[in-house]
Amino acid sequence: MKFGLLGTGPWAERTHGPALAAHEEVELVGVWGRRAEPARALAERLATRPFEDVDALFGACDAVAVALPPDVQAPLARRAAEAGCHLLLDKPVATAPEGARGVAEAVERAGVGCVVFFTLHFSEPTAGWLREQAARGAAVPARAPGAGARSPAENGWLVGRADWLSPVFGGADSPYTASPWRREKGALWDVGPHALSVLLPLLGPVAEVTAAPGGFGDTVHLALRHDSGASSTCTLSHSVPPAAAGVAAEVRGAAGVAELPVREEDPAAAFGRAVDALLREVRTGEAHLCGARFAETVTALLDSAQQQLPNR
């Protein structure tokens, strides 16, 4: 499949680009960026060519991978879909519900494939863990005829939590510290999608989200009430010191207790699996869980949380 890469920042340079260039079933035909010189430099490192006109790149491709700020990504993703390109997008797809909805609608109108790179669903061992816990939570005994509705405790997983504590703004030596969109939107929008990508597939759709600011930096606390009767919480921050950083998630219920394992792979390896997922979707027509509508749901929940927070 002929791919174009949109973006020239650290994520494109370290993850998207190397994974696309190394993939046996991908021809990386070009790179486009908002600034010409970084696009030329990255294209040279990836042994491909720079494009000054993004629509010309769309015309040369079967698919595009996008490593751009979310609200730059969304309109370009719509244009790419309208040009007939399959999409490999990053989370969050957009930070406005109408932006994410527009991407999902464009994908469906054009009939193109779309996979969104929620990293944990493509890394190991986290991807395997998510599949296993979804199966465990669904494996509840059948109800006898006339027994009535299930109680929440019979619905598999009953409670969950997902905490993403990062030192990106807390003193870490990180290439993402200078990211303007992360500075503006904070951990809610950058790592909140990771937390929701764990909780939603295991506990189900969310009926209500309640948000409260933490006491420092961009720290945010979320409480989620799920349609199933389950509940979950998230703590999200880019402002903890390096010694306090970490990721933890778990679910509890009739199936017991399950803790998210540590992600062990380089993100480029996980991105290669996301490429595999898009190729499989295009060939079989079977959509991946992490598609445009799932990404739209995540954006809508985060936007609801954002509306409850004071302006920073």
Side-chain angles (χ1 to χ4, degrees), residues 1-52 54 56-58 60-70 72-73 76-77 80 85-93 113-128 166 168 172-179 181-182 190-191 193-194 197 247 262-283 288 290 295:
M1 183 175 285
K2 294 180 179 180
F3 264 85
L5 172 60
L6 277 57
T8 59
W11 198 231
E13 182 179 0
R14 298 178 177 206
T15 301
H16 289 56
L20 290 168
H23 200 288
E24 293 182 351
E25 296 184 72
V26 166
E27 178 187 349
L28 180 57
V29 301
V31 174
W32 176 87
R34 290 175 290 171
R35 293 184 295 133
E37 182 51 41
R40 282 194 294 270
L42 182 56
E44 182 177 353
R45 286 196 293 276
L46 296 173
T48 187
R49 57 173 288 206
F51 277 72
E52 295 184 3
V54 70
L57 180 57
F58 296 157
C61 292
D62 304 311
V64 294
V66 185
L68 290 165
V72 178
Q73 170 176 243
L76 288 171
C85 295
H86 306 293
L87 304 178
L88 185 46
L89 305 179
D90 223 312
K91 59 78 203 164
V93 163
C114 180
V115 170
V116 183
F117 186 43
F118 288 90
T119 313
L120 298 179
H121 286 263
F122 302 97
S123 294
E124 290 298 350
T126 54
S166 147
V168 167
D173 181 15
S174 169
Y176 306 108
T177 299
S179 167
W181 86 264
R182 287 179 175 85
D190 190 21
V191 297
H194 290 311
S197 81
V247 171
V262 175
R263 180 166 60 87
E264 298 173 345
E265 285 188 323
D266 183 274
F271 193 77
R273 289 200 183 90
V275 174
D276 292 338
L278 181 61
L279 292 170
R280 187 161 50 250
E281 178 174 329
V282 170
R283 289 167 179 162
H288 194 278
C290 296

Problem set entry | Residue pair V31 / G7: nearest heavy atoms and the distance that separates them | CG1-O, 4.1 Å
Problem set entry | Heavy-atom check, side chain of V116 versus side chain of D90, under 4.5 Å | no
Exercise. Looking at CG of L20 and CG of L88, how far apart are the two atoms once the value is rounded to the nearest 0.5 Å?
Worked result: 7.0 Å
For this session: Please confirm whether F271 and H16 have ring centers closer than 6.0 angstrom.
Result: yes
Exercise. Looking only at heavy atoms, what is the nearest atom pair of L278 and A63, with distance?
Worked result: CD2-CB, 4.3 Å
Seminar exercise, completed: Heavy atoms of E265 and S123 approach each other most closely as OE1-CA, 3.6 Å
Exercise. With a 4.5 Å heavy-atom cut-off, do L76 and W32 have their side chains touching?
Worked result: yes
Exercise. So, for A12 and L42, which heavy atoms are closest and what is the spacing to 0.1 Å?
Worked result: CB-CD2, 4.3 Å
For this session: Could you tell me whether the side chain of T177 and the main chain of V168 form a donor-acceptor pair under 3.5 Å?
Result: yes
Exercise. Counting only N and O atoms by type, is there a donor-acceptor contact under 3.5 Å from the side chain of Q73 to the main-chain atoms of P92?
Worked result: yes
Exercise. Which atom names give the shortest non-hydrogen contact between A277 and V115, and what distance separates them?
Worked result: C-CG2, 4.1 Å
Exercise. Rounded to the nearest 0.5 Å, how far apart are OG of S197 and CZ of F117?
Worked result: 11.0 Å
Problem set entry | With H23 via ring-ring contact (aromatic ring centres under 6.0 Å, His included) - residues at least two apart | none
Exercise. Can you tell me how far NZ of K2 sits from SG of C85, rounded to the nearest 0.5 angstrom?
Worked result: 11.5 Å
For this session: Report the distance from atom CZ of R35 to atom OG1 of T8, rounding to the nearest 0.5 Å.
Result: 6.0 Å
Seminar exercise, completed: Rounded to the nearest 0.5 angstrom, the SG-NE2 distance for C290 and H121 is 4.5 Å
For this session: Would you give the length of the straight line joining atom CG of L68 to atom CG of L6, rounded to the nearest 0.5 angstrom?
Result: 5.5 Å
Problem set entry | Pairing of E124 and R263 as salt bridge, 4.0 angstrom limit | no
Seminar exercise, completed: Of all heavy-atom pairs linking L89 and V93, the shortest is CD1-CG2, 4.2 Å
Exercise. Residues in salt bridge (Lys or Arg N to Asp or Glu O under 4.0 Å) with R280, at least two apart?
Worked result: none
Exercise. For L28 and L46, what are the C-alpha separation, side-chain angles and deciding distance, and is it a side chain to side chain contact (heavy atoms under 4.5 Å, CB included)?
Worked result: CA-CA 8 Å; L28 180 57; L46 296 173; 3.9 Å; yes
Exercise. Hey, is E44 close enough to R49 for a salt bridge, meaning N to O under 4.0 Å?
Worked result: no
For this session: Decide if the gap between the ring center of F122 and the ring center of H288 is smaller than 6.0 angstrom.
Result: yes
For this session: Show the numbers, then the answer: is there a side chain to side chain contact (heavy atoms under 4.5 Å, CB included) between L87 and V64?
Result: CA-CA 5 Å; L87 304 178; V64 294; 3.7 Å; yes
Exercise. Is the shortest heavy-atom distance from the side chain of L57 to the side chain of V29 under 4.5 Å?
Worked result: yes
Exercise. Counting N and O atoms only, with roles assigned by atom type, does the side chain of E25 sit under 3.5 Å from a partner on the main chain of M1, one being a donor and the other an acceptor?
Worked result: no
Problem set entry | Residues in salt bridge (Lys or Arg N to Asp or Glu O under 4.0 Å) contact with R182, at least two apart in sequence or another chain | D190
Problem set entry | Any F3 side-chain heavy atom under 4.5 Å of C61 side chain | no
